[in-house]
Amino acid sequence: QVQLVESGGGLVQAGGSLRLSCAASGRTFSTLTMGWFRQAPGKEREFVASIGRIGGNTYYADSVKGRFTISRDNVKNTVYLQMNSLKPEDTAVYYCAADLSMLVRTAVHVYDYWGQGTQVTVSS
């Protein structure tokens with residue numbers, strides 16, 4: 001079993017920044033592909049970013065490309081999402097997820113483990 005705990009969410013004004021963290025335990029972190037997803041009220045959960053096991057491969061949703069950066073620290077067993085130039089439409093619950101596959105994927109259903117989520121609210 002893999003446990004994931006997100007932190008770093010909050011309320012920020014449009015144009016501001018936040019950094020989300022997700023601490024993993026229960027399995028060797030470097031064997032996990034990691035992803036960030038988000039879900040706004042009344043909408044389906046959607047892909048935000050993903051990163052390979054050693055951090056070499058990253059993918060981003062078009063809506064966040066150039067504003068968000070995913071990274072990981074395999075010593076601290078943590079994955080990060082740096083969010084800059086935030087917009088009101090970025091408001092959502094953000095979830096960290098772990099995929100046992102070595103592939104860096106974007107589909108919600110392929111991820112095996114999920115955190116509880118952290119709320120990000122961007123005011124206009």
Side-chain angles (χ1 to χ4, degrees):
Q1 283 286 357
V2 175
Q3 292 79 43
L4 302 172
V5 179
E6 301 99 335
S7 60
L11 173 64
V12 63
Q13 289 189 333
S17 298
L18 282 175
R19 188 176 83 154
L20 305 183
S21 300
C22 172
S25 61
R27 186 180 176 96
T28 301
F29 188 61
S30 60
T31 66
L32 300 171
T33 298
M34 300 300 297
W36 285 98
F37 295 78
R38 67 186 182 186
Q39 188 167 16
K43 295 188 177 181
E44 294 187 351
R45 193 168 298 188
E46 65 175 8
F47 169 75
V48 174
S50 56
I51 187 167
R53 291 176 171 182
I54 59 171
N57 291 334
T58 57
Y59 290 95
Y60 296 92
D62 287 343
S63 58
V64 307
K65 205 170 291 184
R67 299 188 297 122
F68 291 10
T69 302
I70 188 171
S71 62
R72 65 188 295 160
D73 185 331
N74 285 354
V75 174
K76 295 183 177 180
N77 296 340
T78 301
V79 62
Y80 304 97
L81 186 68
Q82 178 66 44
M83 305 186 295
N84 299 329
S85 302
L86 282 161
K87 305 175 181 180
E89 51 263 44
D90 294 318
T91 295
V93 177
Y94 282 71
Y95 297 90
C96 170
D99 181 1
L100 298 176
S101 167
M102 65 182 298
L103 300 174
V104 184
R105 301 185 287 184
T106 63
V108 171
H109 71 275
V110 305
Y111 282 76
D112 301 289
Y113 299 98
W114 293 84
Q116 82 288 349
T118 185
Q119 176 70 46
V120 171
T121 303
V122 184
S123 63
S124 57

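- Exactly one residue among Asn84, Leu11, Leu81, Leu86 makes a side-chain contact (heavy atoms from CB on, under 4.5 Å) with Leu18. That residue is Leu86.
- Within the 4.5 Å cutoff, the side chain of Met34 has heavy atoms near those of the Cys96 side chain.
- A distance-only check finds a donor-acceptor pair linking the side chain of Arg72 to the backbone of Gly52 [under 3.5 Å].
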Checking side-chain contact (heavy atoms from CB on, under 4.5 Å) for the pair Val75/Phe29: CA distance, chi angles, key distance, verdict?
-> CA-CA 8 Å; Val75 174; Phe29 188 61; over 6 Å; no
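- For Phe37 and Tyr111, the distance between ring centers is under 6.0 angstrom.
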For Ser30 and Arg53, what are the C-alpha separation, side-chain angles and deciding distance, and is it a side-chain contact (heavy atoms from CB on, under 4.5 Å)?
-> CA-CA 5 Å; Ser30 60; Arg53 291 176 171 182; 5.5 Å; no
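- More than 12 heavy atoms of other residues, nucleotides or ligands sit less than 6.0 Å from atom OH of Tyr113.
- Arg67 pairs by the salt bridge (charged side-chain N to carboxylate O under 4.0 Å, His left out) definition with Asp90, not counting sequence neighbours.
- With values rounded to the nearest 0.5 angstrom, Thr31 atom OG1 is found 9.5 Å from Asn74 atom CG.
- The number of heavy atoms from other shown groups lying within 6.0 Å of NZ (Lys43) does not exceed 12.
- Between the side chain of Gln82 and the backbone N or O of Arg19, no donor-acceptor pair lies under 3.5 Å.
- The shortest heavy-atom contact between Val79 and Ser71 is CG2-O, 3.1 Å.
- Heavy atoms only, all atoms of each residue included: Ser17 and Ser85 are closest at OG-N, 4.3 Å.
- Neither Val64 nor Phe47 shares a network with the other; the hydrophobic side chains, linked directly or stepwise wherever heavy atoms of I, L, V, M, F, W or Y lie under 4.5 Å apart, form separate groups for each.
- For Pro88 against Ser124, the heavy-atom pair with the smallest separation is CG-CB, 3.8 Å.
- No path of Ile, Leu, Val, Met, Phe, Trp and Tyr side chains, each step under 4.5 Å between heavy atoms, connects Val108 with Ile51, placing them in separate hydrophobic clusters.
- Atoms SG and CD, on Cys22 and Glu6 in that order, are 5.0 Å from each other to the nearest 0.5 Å.
- Within a 6.0 Å radius of CD1 in Ile54, no more than 12 heavy atoms belonging to other residues, nucleotides or ligands are found.
- For the pair Arg27 (side chain) and Leu100 (backbone), a donor-acceptor distance under 3.5 Å is absent.
- Of all heavy-atom pairs spanning Ala24 and Leu4, the tightest one is CB-CD2, 3.6 Å.
- Considering all non-hydrogen atoms of both residues, Tyr60 and Ala49 come closest at CD2-CB, 3.7 Å.
- Here the CD1 atom belonging to Ile70 is positioned 6.0 Å from the OG atom belonging to Ser50, to the nearest 0.5 angstrom.
- By the rule that hydrophobic residues join a cluster once side-chain heavy atoms approach within less than 4.5 Å of another member, Leu32 and Tyr80 end up as members of separate clusters.
- Between Phe68 and Tyr94, the ring-plane angle classifies as tilted under the 30° and 60° cut-offs.
- No option in Arg45, Arg38, Gln116 other than Arg45 meets the side-chain contact (heavy atoms from CB on, under 4.5 Å) test with Tyr95.
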Apply side-chain contact (heavy atoms from CB on, under 4.5 Å) to Val120 and Leu20, showing your working.
-> CA-CA 9 Å; Val120 171; Leu20 305 183; 4.0 Å; yes
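- A donor-acceptor pair under 3.5 Å is absent between the side-chain atoms of Thr33 and the main chain of Val104, judged by distance alone.
- Grouping the Ile, Leu, Val, Met, Phe, Trp and Tyr side chains by contacts below 4.5 angstrom, directly or via other members, places Val48 apart from Val93.
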